[in-house]
Amino acid sequence: MFDIKWIRANAEAFDAAVARRKGVSVRSSDLLAIDDRRRDIIVRLNQAQEKRNAASKLIGQAKAQKDEAKAEALMSEVTALKDSIQQGEAEERAIELELHNALAVIPNLLFDDVPDGADESGNVEYFGRNGTPETVAKVRAPRPSFSFAPKEHYEIGEALGGMDFEVAAKLSGSRFVVLKGQVARLERALGQFMLDLHTNAHGYTEVQPPLLVKDDALFGTNQLPKFEDDLFFAGHAGGRLALIPTAEVPLTNLVRESMLSEEELPLRFTALTPCFRSEAGSAGRDTRGMLRQHQFNKVELVSITSPEASVDEHERMLGCAETVLQKLGLHYRVMNLCSGDVGFGAKRTYDLEVWLPGQDTYREISSVSVCGDFQARRMDARYRPAGEKQAPRFVHTLNGSGTAVGRCLIAVMENYQQEDGSVLVPDVLQPYMGGLKSIGGR
RNA sequence: GGAGAGGUGGCAGAGCGGUUGAAUGCACCGCACUCGAAAUGCGGCAUAGGGGCAACUCUAUCGGGGGUUCGAAUCCCUCCCUCUCCGCCA
């Protein structure tokens, strides 16, 4: 969420920044006009309140001195102010809400070096800060070659008896799957492997958050008010709770409405959770298989940092997510999202796209974003800088998948498939599979 | 689910209709004392929004929201949360 004071001081920069965003037509002048009216209301209200407070003090003194006549006179004088104060308070509430609502739907400011582009076709491959195609090739697995036509994951999974979309449809409708046997275990192994990696090697604290959250939390991480249609809600007496679309919501909101000390930063949280998405805008897309489900597991990474540390933390987090794919021996590329593809709350986003030989294409398996203080403002999450008395500052937040477990299962199955329909278990997962080296093989 | 108690500043904890943004203690930061430290003394120490070039000043905030009143931390309504007891339960 933008700070109206910042917009006032940087009107041209704001207009230029907003112009880079798709489908946003707001201008600084619109917002400043609301703010002007707001200030005007506040000034008049404050003056009335000041008068009332001064008179009330005098009444208190008069009463203390038993001067009832004087008190009566003052009281009748102030009574007239009551209406205008109450009206002013109502006006202030209304205008604050108007400004808040206007600001709440404006997407975050992009970093200057985010490439311009209308949609994902404008994304640019990213090789790291000082990287090149050659340097990344040294650490990433090459694209696998097959002596046979590689199958898609659902063909492999169904043939192994480990993926059942038909029975899932009976239970829950489309975009659900039932995993069974060693495929289910492989999915579990992937989640455990990722969680262990991030907690043991990357310094993240494991969290088991609630999977149902309030609207306030969703506002904090930008799902509300603009993206309500993407959510599932569980209704209950007296309200509703949303099923989390990503653990970014509970993990980031862990610091909401708090005053951290600088020494605590950075905070790094990770969680393996189911995620629930209505996929309202994706009707007809990716309907085969388990690429796009209403429910899937994901390991999420969230960092809370000082403003100075967030840009470096972004690169670090990207590295944490990449390590997952490197250890699994999966071929992938990193894309620096263009202006038309970066999400609402992010200043910059890197996507990890894993190679799916069955689909013969790269597919997103992780998205790593730096949000600056955008979410912190929405959550009121601040920290007090160390040293002499300093004003509190908003923290910076980052989030990334590390990685989407369901999609990673797809990637493992397609990349490790054998001609006989079996799937080799990647080395790093074998300890999680009781030493099993192959599914469906012998 | 039933009955009760409670939510006050970084923390602990008073106040329960009148100059209270809020006693007191702890923590923290200056200064004094000291060779230094401790102890002690003095002073400072919330957040947000306005106005002002500035010094400064005004307003709001005692869980959230609404109300009564000239005036609310104090009274009323409502919601949320915490604790205790009983019941139920994985």
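From a predicted model like this one, the values you see are computed outputs, not experimental measurements. Protein chains get the first letters and strands the later ones, always in sequence-line order, with residue 1 at the start of each. Only heavy atoms go into these numbers, but all of them, side chains included; no hydrogens, no water, no symmetry mates.
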In B/S/- notation (B base, S sugar-phosphate only, - none; protein heavy atoms under 4.0 Å), nucleotides 58-63 of chain B written 5' to 3' is BSS---
Would you indicate what A/Ile59 reaches in the nucleic acid, counting non-hydrogen atoms under 4.0 angstrom: base, sugar-phosphate, or nothing? base
Across all chains, not counting sequence neighbours, the side-chain contact (heavy atoms from CB on, under 4.5 Å) partners of A/Leu211 are A/Ile244, A/Thr273, A/Pro274
Applied to residues 398-413 of chain A, the side-chain hydrogen bond (donor to acceptor under 3.5 Å, both in side chains) test, sequence neighbours excluded, yields A/Glu248-A/Asn399
Per atom distances to the A/Arg38 side chain, the nearest of B/U19, B/G50, B/U47 is B/G50
Nearest-nucleotide check on RNA chain B, A/Lys57 vs A/Ile4; residue mapping nearer the 5' end is A/Lys57
A/Glu264 atom CD is separated from B/G10 atom C1', nearest whole Å, by 12 Å
Should A/Arg39 be listed as having a side-chain N or O under 4.0 Å from OP1 or OP2 of B/G51? yes
Listed pairs, N/O of protein and of nucleotides 75-77 of chain B, under 3.5 Å:
none

Check: Does A/Gln86 place a side-chain N or O at less than 4.0 Å from the phosphate oxygens OP1/OP2 of B/U68?
Finding: yes
Quick one: side chains of residues 166-180 of chain A, donor-acceptor pairs under 3.5 Å with protein atoms, not counting sequence neighbours, listed by atom name and distance.
{"residue": "A/Arg175", "atom": "NH1", "partner": "A/Arg285", "partner atom": "O", "Å": "3.3"}
{"residue": "A/Arg175", "atom": "NH1", "partner": "A/Asp286", "partner atom": "O", "Å": "3.4"}
{"residue": "A/Arg175", "atom": "NH1", "partner": "A/Arg292", "partner atom": "O", "Å": "3.0"}
{"residue": "A/Arg175", "atom": "NH2", "partner": "A/Ser282", "partner atom": "O", "Å": "3.0"}
{"residue": "A/Arg175", "atom": "NH2", "partner": "A/Arg285", "partner atom": "O", "Å": "2.9"}

Under 4.0 angstrom, heavy atoms only, what part of the nucleic acid is A/Arg44 near: base, sugar-phosphate, or nothing? nothing
A/Leu97 CG to B/G65 P, in whole Å, measures 13 Å
B/C33 -> Watson-Crick or G-U wobble partner, both distances under 3.5 Å, gives none
Would you tell me if any nitrogen or oxygen in the side chain of A/Lys82 comes within less than 4.0 Å of OP1 or OP2 on B/C70?
-> yes
Residue set satisfying ring-ring contact (aromatic ring centres under 6.0 Å, His included) with A/Tyr350, at least two apart, ordered chain then number -> A/Tyr126, A/His314
From the candidates B/A48, B/G18, B/G67, the one with an atom nearest any side-chain atom of A/Lys63 is B/G18
